[in-house]
There are 2 protein chains.
Amino acid sequence: MAIPSFIEGYGEVRPFTTAFAAPLDAVRTGARIRSQRPGQSKVLPSIREAILACGLKDGATVSFHHHLRNGDDVLRAVMHEIAALGLRDIRVAASSLFPVHAPLVAHIRSGVVTGIVSNYITGPVAEAITAGALPNPAVLQTHGGRARAIEAGELTIDVAFVAAPAADVYGNLNGIDGPSACGPLGYPMVDARHADRVVAITDTLSPHPLTSIDIAQDLVDYVVPVDSIGDASKIVSGTTRVTEDPVGLAIAVLAARVIDAAGLLVDGFSFQTGAGGISLAVAQDVAVIMRDKGVTGSFAAGGVHAGIVAMFRQGLFRTLFDVQCFDLSAVASYREDRGHMAMSASLYANPASKGALVNHLDCMVMGAAEVDISFNVNVTAVNGGTIIGGSGGHADTAAGAKLALVTTRLAAGGAPKIVDAVECVTTPGETIDVVVTEAGVAVNPRRADLRERLAAAGMPLVEITRLRDLASRQTQATARPRIDPQARIVAVVEYRDGTVIDVIRQRGGK
Amino acid sequence: MAIPSFIEGYGEVRPFTTAFAAPLDAVRTGARIRSQRPGQSKVLPSIREAILACGLKDGATVSFHHHLRNGDDVLRAVMHEIAALGLRDIRVAASSLFPVHAPLVAHIRSGVVTGIVSNYITGPVAEAITAGALPNPAVLQTHGGRARAIEAGELTIDVAFVAAPAADVYGNLNGIDGPSACGPLGYPMVDARHADRVVAITDTLSPHPLTSIDIAQDLVDYVVPVDSIGDASKIVSGTTRVTEDPVGLAIAVLAARVIDAAGLLVDGFSFQTGAGGISLAVAQDVAVIMRDKGVTGSFAAGGVHAGIVAMFRQGLFRTLFDVQCFDLSAVASYREDRGHMAMSASLYANPASKGALVNHLDCMVMGAAEVDISFNVNVTAVNGGTIIGGSGGHADTAAGAKLALVTTRLAAGGAPKIVDAVECVTTPGETIDVVVTEAGVAVNPRRADLRERLAAAGMPLVEITRLRDLASRQTQATARPRIDPQARIVAVVEYRDGTVIDVIRQRGGK
């Protein structure tokens, strides 16, 4: 869909062209520092005191991270105090937003919050944006794009609030101690380095330095002890369960065979999977092949979950690079296993970096809400403007990995998943190599080499247009919701380089 | 001695006033990034290729670090190639320079090197500077001051060369693997974050990611494998041996009693010692008292050496913050012990920081070449302009610690060590709390509280002027070398905040 050159409430649009069009030379911005003298304390009695100490003003940007996922209580608590202080026109830069963040909707409706920047939004906040409740368009970034925007000085943060499972009185933070342990604090590592002020909120405050540190005291201004920062048992939420569906399991088996046939399952293999049910199943099947072949991989990365931890502990990978744990098994491994290392969101996926880890992935396995015949993938919006999530690391890992592999059924919920054109482009087709479905495997025509390898290995190859036809036949021929090209833009979808790759318009209205 | 307001080859002088005169608000600068795309390699075949790839030009600043101390071979190798390429007017920003760096003298004499910025210089390079060989005055900083200057954008580095005991092909670096393991790479952590280009030179290159990372790949442009980066057995060099001298041992015992009498040896005690022979002995004596009293300390920091490691492993400290290992026992502990953590030079000692660790020290034990009756300490220059080292962390830890304790004999080598006025001020007297000698303990008059405590505990208190008199009597009344106040300035001594606290003038000439 046509993207305007200027979007009210967003500004000038740099239009997306191709995945690697950005100049190689970039700048990492600095930060404002308020030095601390000997004898000063960072500990403040309440979130309110911290907000006041930071001098937060109307129109400011505050940031949050999502390591506690649907168990997070820090965003709610902070925004409650911001609202109580009478602040207005706040922009919330949260790495992801989940159903637990529903209280944000009331702050949108009351004018406390007028802008949202995030990489993934589900639940009531997504519904409110879809419904046009937010005055300025939401900005949907990627995990790497958010890190890039912060480091480039494009996304400036006045105060970063860090939900810290453990903190010490000097301001050192980690994600492995305390009742809300969530694993490495990969996302706020970037915020903390560049925000004007950094406030850690913790339910486990130590008088002595922590014995393991994710974010060090030289990046933290204030520490606020609270009763609870959330419910770590809800870290596993939504998408992080292995599929039990037979069709999904069959797709996973086929995907693992495709990875092998591509010639990647050799010593030194590097791997990541998304958190979707089929992706998690692929990891299990890849592990079987690696063990059978006696292959020792190099590293696995991501979002780390129990399946990847099991492979690591079996010796199938030498190291894990972990920006965020998807479950408590991953948290335990980060705490206990040498070689299970934290990485910042920038190290993970920032395209304007001397070395994003995604660039070294042999294979990324990811899901899709829709794939189109140009291999574009949508995990952002469906049904004529309903926001269902967003990229997270989808577009980043697709761009970096040698083999970006999408698993999907042909159809779900009565709607085709292989379509002529996705409703919203999250990840450009040029960065997707192969689509694996229950009806066969489609290879991107840009990858003739890969197609040849897979054909030689007897993989069930099929054209993407054929998959579209099969998908269409499985579903009712209902017309897709019409999108009014004049309707108000409720969300801007940024590619990882900060160009605008798509927009989401308000359903049925302006 | 009077300090001019402008120094040729240095520039405008910001004069030192008091230890905490710098404004609280500061800026951390950014960096220029050359992004890396998927499929690109960082590995280059030679140092020469790396220098060319970085586009190094006449007049540039190159940086080095000193974790291999007198065993380092990287500075020599790099400067050899820089000279062979015909480059001129290079400024060498090396965190410290040792006798092994003697080849630098030839590059000074030939005009390849015209400026030196360092925190500690001994050996032939110090002699050459003393003799006036360097066109521009050397700049002597502190460990924290160097980090501050880099982060403030005052000390700009064109290319940082990192001697990496281990590197992987992606550019991740550590100091624990390989034959030249030297411990955490605390100093170049700062250089790598802000230099325009970063080149790692390693004798241990891994095709897979390292399992422990001090400096991550997003900060490194190129990796050059070489046969050897140096001789790790020479990490222990010069100052890092416990004294065996009976007078020194007696001073150490007294110093430990002073620390106890000051009320600091209670649970939560935090501690650092310098690398001098007496300082190392104090650690042993403090350990005895802590064990006797059943005290569990909080953290020890520094420059970590075997004495501190032994205390840590005995449970006397919960954590170690390590910017640099002083011996191989410390290296082994960093490799093996959870709670023995790396810290950057900025986290360690940068005064323009949200949380320098030195600010949390209960006690710092340090040495002195001279102390004067205003408690100023000199570890920089003696005998009318002979450079003998420099601050390192001396001025930083003195400013931060609750108890900055200097141990010194009254005299050494026929010269008094307690004098009317030090020849060169390294550490201002206002930040020194107590001086411990074989003839008693002098307390800074600013610390009436401390004097009272020590008196109550029966410590042998004595006025600093009395120590000066005793020192004078022990030595020949030879006149100190006269310094010509018009002689050319060969070195500028910066306090940690970047102000000029003293200058060193050329001996007997212009």
Side-chain angles (χ1 to χ4, degrees), chain A residues 20 22-40 42 151 153 170-172 193 198 207-213 216-221 268 298-299 318-319 321 338-339 341 343-344 346-347 350-361 399-402, chain B residues 20 22-40 42 151 153 170-172 193 198 207-213 216-221 268 298-299 318-319 321 338-339 341 343-344 346-347 350-361 399-402:
Chain A
F20 295 101
L24 290 176
D25 286 312
V27 164
R28 194 194 310 119
T29 190
R32 289 198 256 175
I33 304 292
R34 179 89 175 168
S35 320
Q36 208 199 30
R37 296 279 159 82
Q40 287 183 305
K42 290 183 177 180
E151 293 197 356
Y170 302 157
N172 299 296
R193 196 167 281 286
V198 178
H208 310 295
L210 301 175
T211 54
S212 173
I213 294 172
Q217 62 185 46
D218 57 343
L219 300 180
V220 176
D221 292 280
S298 174
F299 70 89
R318 294 161 191 267
T319 48
F321 285 89
R338 190 175 194 108
M341 296 178 287
M343 67 176 165
S344 73
S346 184
L347 176 55
N350 178 356
S353 160
K354 294 179 178 181
L357 204 83
V358 293
N359 289 358
H360 306 305
L361 282 172
K402 285 201 190 80
Chain B
F20 295 102
L24 290 176
D25 285 312
V27 164
R28 194 194 308 122
T29 189
R32 289 199 256 173
I33 304 293
R34 179 90 176 168
S35 320
Q36 207 198 30
R37 297 279 159 83
Q40 286 183 304
K42 290 183 176 180
E151 292 197 356
Y170 303 157
N172 299 297
R193 194 167 284 285
V198 177
H208 311 294
L210 302 175
T211 54
S212 173
I213 294 172
Q217 61 185 46
D218 57 343
L219 300 181
V220 176
D221 292 280
S298 173
F299 70 89
R318 294 163 191 265
T319 49
F321 284 90
R338 188 174 197 112
M341 295 177 287
M343 68 176 164
S344 74
S346 184
L347 177 55
N350 177 358
S353 160
K354 293 179 180 180
L357 205 81
V358 293
N359 289 358
H360 305 305
L361 283 172
K402 283 200 191 83

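Below, chains carry the letters A, B, ... as their sequence lines are ordered, and counting in each starts from 1.
Residues A:Phe20 and B:Arg37 form a side-chain contact, since some pair of their non-hydrogen atoms from C-beta on lies under 4.5 Å apart. Put simply, the side chain of B:Gln217 reaches to within 4.5 Å of the side chain of A:Leu357, judged on heavy atoms. At a threshold of 4.5 Å between non-hydrogen side-chain atoms, the residues B:Arg338 and A:Ser212 count as touching. Looking at heavy atoms from C-beta onward, A:Leu219 lies in side-chain contact with B:Arg28 at the 4.5 angstrom threshold.
Using a 4.5 Å cut-off between heavy atoms, B:Val220 contacts chain A through its backbone alone, with no side-chain atom that close. Heavy atoms closer than 4.5 Å to chain A are found nowhere in B:Val358, neither backbone nor side chain. With a threshold of 4.5 angstrom between heavy atoms, B:Asn350 does not approach chain A through any atom at all.
Most heavy-atom pairs under 4.5 Å with chain B: of the set A:Ser35, A:Gly30, A:Ala216, this distinction falls to A:Ser35. Counting heavy-atom pairs under 4.5 Å between each of B:Ala399, B:Ala31, B:Gly339 and chain A puts B:Ala31 at the top. When each of B:Ala26, B:Ser298, B:Ala22 is checked for heavy-atom pairs under 4.5 Å with chain A, B:Ala26 comes out on top. Interface remark: of the candidates B:Lys42, B:Arg193, B:Gln40, B:Arg193 forms the most heavy-atom pairs closer than 4.5 Å to chain A.
Salt bridge B:Asp221/A:Lys354: present, at least one basic N to carboxylate O contact under 4.0 Å. Salt bridge A:Arg32/B:Asp25: absent, no basic N to carboxylate O contact under 4.0 Å.
Between B:His360 and A:Tyr170, the ring planes lie parallel to each other; the angle is under 30°, not in the 30° to 60° tilted range.
Of all heavy-atom pairs spanning A:Thr319 and B:Thr211, the tightest one is CG2-CG2, 3.6 Å. Counting all heavy atoms, side chain and backbone alike, B:Ala352 lies closest to A:Ile33 at O-CG2, 3.6 Å.
Taken to the nearest 0.5 Å, the CG atom of A:Leu24 stands 10.0 Å off from the CD atom of B:Gln36. Interatomic distance, CZ of B:Phe321 versus CG of A:Asn172, reported as 5.0 Å (0.5 Å rounding). For the atom pair B:Asp218 CG and A:Ser346 OG, the distance stands at 5.5 Å (nearest 0.5 Å).
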